[in-house]
Amino acid sequence: MIFLFITFGFGCQTNASSGMGVADHSKSTYLELQRKKVHRYVIFKIDEKKKEVVVEKTGGPAESYEDFTASLPDNDCRYAVYDFDFVTSENCQKSKIFFIAWSPDVSRIRAKMLYATSKDRFRRELDGIHYEIQATDPSEMDLEVIRDRAR
């Protein structure tokens, strides 16, 4: 029991004391999506060597939601933001920004824990997020789920 406590405590201490930083490029890329509409989506990953969240991929304004979901790995965790445009029932054009914590069931436990413990810190860096979705399966972030949350 003591051994488990020490192992668990060490993991938490390392993560809590060092934490994951956020690369300046990650923040500026998010702002380009939010303010300038340069990107439809941004996919972020944790660079364990640098101990920070970095941009892995961006999608241009013309890319679809299917392009976005196809860009997420099937077997590893990621953070993502998606700028969802839609028309309201009053025929008004609107946009909502979604933060998605992608943690597929088949990803490594270590990756799931790393992304779970770093999420809140990273999420706080991104002002202007409207909705947050945690998905372990593609069905949990299907386009219909996004549409329902946005309205």
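Numbering starts at 1 and runs along the sequence shown.
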(request) Find out whether V55 and S26 are in side-chain contact, i.e. whether some heavy atom of one side chain is under 4.5 Å from a heavy atom of the other. (result) yes
(message) Treating K112 as the side-chain partner and V106 as the backbone partner, does any N or O pair qualify as donor plus acceptor under 3.5 Å?
(response) no
(message) Could you measure the distance from the CG atom of D120 to the CD atom of E132? Nearest 0.5 Å is fine.
(response) 7.0 Å
(message) I want to check something: taking the side chain as every heavy atom from C-beta on, are V38 and L33 in contact at a cut-off of under 4.5 Å?
(response) no
(request) Report yes if the side chains of S103 and Q134 come closer than 4.5 Å at any heavy-atom pair, otherwise no. (result) no
(request) With sequence neighbours left out, write down each residue that passes salt bridge (Lys or Arg N to Asp or Glu O under 4.0 Å) with E140, or none if nothing qualifies. (result) none
(message) Measuring only between side-chain heavy atoms, which start at C-beta, is K45 closer than 4.5 Å to V54?
(response) yes
(message) Tell me every residue that passes side-chain hydrogen bond (donor to acceptor under 3.5 Å, both in side chains) with D67, counting only those two or more places apart in sequence or in another chain.
(response) S64
(message) Please tell me whether Y131 and F99 form a close aromatic pair, meaning their ring centres lie under 6.0 Å apart.
(response) no
(message) Restricting to side-chain hydrogen bond (donor to acceptor under 3.5 Å, both in side chains), what partner residues turn up for D47, sequence neighbours left out?
(response) none
(message) Is there a side-chain contact between Y115 and M20 in this structure, where contact means two heavy atoms from C-beta onward sitting under 4.5 Å apart?
(response) no
(request) Would you confirm whether T117, through its side chain, and M113, through its main-chain N or O, come within 3.5 Å as a donor-acceptor pair? (result) yes
(request) Identify the two heavy atoms, one from R121 and one from V22, that lie closest to each other, and give their separation to 0.1 Å. (result) NH1-CG2, 4.0 Å
(request) Apply side-chain hydrogen bond (donor to acceptor under 3.5 Å, both in side chains) to R149 and list each qualifying residue two or more places apart in sequence or on a separate chain. (result) none
(request) State the CD1-CD1 distance between I100 and I133, to the nearest 0.5 angstrom. (result) 5.5 Å
(request) With sequence neighbours excluded, give me every side chain to side chain donor-acceptor pair (under 3.5 Å) pair touching residues 91-102. (result) K37-S95, D83-S95, D85-S95
(request) Kindly work out whether a path of hydrophobic side-chain contacts (I/L/V/M/F/W/Y, heavy atoms less than 4.5 Å apart) joins F98 to I129. (result) no
(request) Not counting sequence neighbours, which residues clear ring-ring contact (aromatic ring centres under 6.0 Å, His included) with F68? List them please. (result) Y41, Y65, Y82
(request) Would you give the length of the straight line joining atom NZ of K119 to atom CG of L114, rounded to the nearest 0.5 angstrom? (result) 13.5 Å
(message) Side chains of V42 and K57, heavy atoms from C-beta outward: is any pair under 4.5 Å?
(response) no
(request) Could you tell me whether the side chain of Q34 reaches within less than 4.5 Å of the side chain of I97, counting heavy atoms only? (result) yes
(message) Please determine whether a side-chain nitrogen of the Lys or Arg among E125 and K27 lies less than 4.0 Å from a carboxylate oxygen of the Asp or Glu.
(response) yes
(request) State, with a plain yes or no, whether a side-chain heavy atom of I46 is found less than 4.5 Å away from one of Y79. (result) yes
